[in-house]
Amino acid sequence: TVWSVTEPVKDTTMILQGPGDLISAIDYTFNFNKKNKSHIIRPGIAVKWPTGTFKERTSNGQLLDPEIQPGSGSIDLIFRLNYLNLSSSGFGHMYSVNYKWNGPSRQDYVFANSFNAQVDLFYQIDLMSEKFLIPKIGVYMESSGYNFFNGEKDLLTGGTTYLLDLGLDFQLKRFTIQTLFQPVLFESRNGRQIGNAGRFNAGLIYAW
């Protein structure tokens, strides 16, 4: 045995692939300008659909931990609020708050509701011809309670993690290419969980 949740014998690598859960969202944007500053407030709601794989098994038929499955098997609601402040000098700051409510699952494992928040400072560099380069730095926090399996609390789930945001966006008219590196600043996770190793995110956004 090379893997045990509470007492790992040695490091091991697992690769798990498959479609994740699709998310559909709708936001409403409020724009207003005051004293050479632009303010954007964007409340919204999103629905995460159970389209992802959540019953992946090992070669010997053992169900893999739901925490690492691509999908969750549940319909979830995400309530979110974003605020952006941009001055005429190019400096700005952005705040984001999200609360995720997890609905009933098609499996015996139920994920806890979760909360995350993000604060970023950025500088918008005008490259002319509707092109912008936007470096940013900030802090991201996420927190959740305990998950439940067959009605019992899973003591190796939940907790709080703080990550550093180091990002760079390239915006061309309505298209934005985003990159974000997030090393761990601090975490307090319940039980003897495996810690985060940091994250790298990349995205392509089209606004209309």
Side-chain angles (χ1 to χ4, degrees), residues 1-25 45-80 96-118 140-167 178-205:
T1 301
V2 297
W3 179 260
S4 168
V5 174
T6 56
E7 296 290 343
V9 177
K10 65 178 182 180
D11 289 339
T12 186
T13 300
M14 293 180 291
I15 298 176
L16 185 58
Q17 304 180 87
D21 291 336
L22 292 177
I23 297 177
S24 55
I45 187 171
V47 180
K48 187 179 72 62
W49 305 99
T51 58
T53 301
F54 63 94
K55 292 183 178 181
E56 285 293 302
R57 298 179 179 271
T58 62
S59 57
N60 61 4
Q62 181 180 0
L63 186 67
L64 288 166
D65 191 329
E67 282 278 345
I68 62 172
Q69 297 276 1
S72 65
S74 63
I75 299 177
D76 309 325
L77 297 179
I78 303 169
F79 304 93
R80 55 192 192 174
S96 175
V97 176
N98 298 275
Y99 180 79
K100 180 167 170 279
W101 174 82
N102 294 290
S105 175
R106 291 187 291 173
Q107 55 183 333
D108 296 325
Y109 197 87
V110 180
F111 289 92
N113 298 338
S114 60
F115 169 84
N116 66 63
Q118 187 173 14
Y140 170 85
M141 180 274 288
E142 63 183 18
S143 183
S144 68
Y146 289 101
N147 300 340
F148 282 81
F149 180 59
N150 287 329
E152 296 186 5
K153 185 185 295 183
D154 187 344
L155 299 178
L156 294 177
T157 59
T160 302
T161 299
Y162 291 86
L163 305 169
L164 177 66
D165 281 350
L166 297 171
Q178 294 185 325
T179 58
L180 182 65
F181 174 56
Q182 294 180 302
V184 177
L185 290 175
F186 169 79
E187 59 182 355
S188 176
R189 296 162 70 84
N190 300 326
R192 300 179 61 185
Q193 294 185 60
I194 301 171
N196 282 291
R199 303 172 187 173
F200 177 76
N201 303 282
L204 175 64
I205 296 175

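Count residues from 1 along the sequence.
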**Request:** Go through the steps for Phe200 and Leu180 under the test side chain to side chain contact (heavy atoms under 4.5 Å, CB included), then give the verdict.
**Result:** CA-CA 6 Å; Phe200 177 76; Leu180 182 65; over 6 Å; no
**Request:** Might you point out which heavy atoms bring Ser144 and Ser114 nearest each other, and give the distance in Å?
**Result:**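 For Ser144 and Ser114, the tightest heavy-atom pair comes out as CB-CB, 3.7 Å.
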**Item:** Shortest non-hydrogen contact between Ala25 and Ala46, atoms and distance
**Value:**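 Heavy-atom minimum between the residues: CB-CB, 3.6 Å.
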Could you tell me whether the side chain of [X] and the main chain of [Y] form a donor-acceptor pair under 3.5 Å?
| X | Y | value |
| --- | --- | --- |
| Asp76 | Gly103 | yes |
| Thr179 | Ala202 | no |
| Ser74 | Pro50 | no |
| Gln193 | Asn190 | yes |

**Asked** Hey, mind stepping through Gln69 and Leu64 against side chain to side chain contact (heavy atoms under 4.5 Å, CB included) and telling me if it holds?
**Response** CA-CA 7 Å; Gln69 297 276 1; Leu64 288 166; 3.7 Å; yes
**Asked** Is it true that atom OH of Tyr162 has more than 12 heavy atoms of other residues, nucleotides or ligands lying nearer than 6.0 Å?
**Response** no
Between [atom1] on residue [X] and [atom2] on residue [Y], distance to nearest 0.5 Å:
| X | Y | atom1 | atom2 | answer |
| --- | --- | --- | --- | --- |
| Trp49 | Asp21 | CH2 | CG | 11.5 Å |
| Tyr146 | Asp154 | OH | CG | 9.5 Å |
| Thr51 | Ile23 | OG1 | CD1 | 9.0 Å |
| Glu152 | Asn147 | CD | CG | 14.0 Å |
| Leu185 | Asp165 | CG | CG | 9.0 Å |
| Trp101 | Ile45 | CH2 | CD1 | 10.5 Å |

**Message:** So that I can tick it off, tell me whether Arg199 and Glu142 are bridged by a salt bridge, with the cut-off set at under 4.0 angstrom between side-chain N and carboxylate O.
**Reply:** yes
**Request:** I would like to know whether Ser72 and Lys48 meet side chain to side chain donor-acceptor pair (under 3.5 Å); could you show each step before the answer?
**Result:** CA-CA 9 Å; Ser72 65; Lys48 187 179 72 62; 2.6 Å; yes
**Request:** Using only heavy-atom distances, determine whether the side chains of Ser143 and Thr160 contain a donor-acceptor pair under 3.5 Å.
**Result:**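 Yes, because at least one side-chain N or O of Ser143 sits under 3.5 Å from a partner of the opposite role on Thr160.
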**Item:** Gln182-Asn196 side chain donor-acceptor pair, cut-off 3.5 Å
**Value:** no
**Request:** Indicate yes or no: at least one non-hydrogen side-chain atom of Leu166 is less than 4.5 angstrom from one of Phe181.
**Result:**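 Contact flag for Leu166/Phe181 side chains = yes.
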**Prompt:** Tell me, do Val47 and Leu77 make a side-chain contact under 4.5 Å, heavy atoms counted?
**Reply:** yes
**Request:** Using the side chain to side chain contact (heavy atoms under 4.5 Å, CB included) rule, take Val97 and Phe115 through it: C-alpha gap first, then chi angles, then the decisive distance, then the call.
**Result:** CA-CA 8 Å; Val97 176; Phe115 169 84; 3.4 Å; yes
**Message:** The test is side chain to side chain donor-acceptor pair (under 3.5 Å); show your working for Asn98 and Lys100 and say whether it passes.
**Reply:** CA-CA 7 Å; Asn98 298 275; Lys100 180 167 170 279; over 6 Å; no
**Asked** Could you walk me through whether Tyr109 and Phe111 pass the ring pair (Phe, Tyr, Trp, His ring centres under 6.0 Å) check?
**Response** CA-CA 7 Å; Tyr109 197 87; Phe111 289 92; 5.2 Å; yes
**Request:** Determine, step by step, whether Tyr99 and Asn116 satisfy the side chain to side chain donor-acceptor pair (under 3.5 Å) criterion, reporting the C-alpha distance in whole Å, the side-chain angles of both residues, the deciding distance to 0.1 Å, and the verdict.
**Result:** CA-CA 7 Å; Tyr99 180 79; Asn116 66 63; over 6 Å; no
**Request:** Test side chain to side chain donor-acceptor pair (under 3.5 Å) on Asn201 and Gln178 and set out the steps.
**Result:** CA-CA 8 Å; Asn201 303 282; Gln178 294 185 325; over 6 Å; no
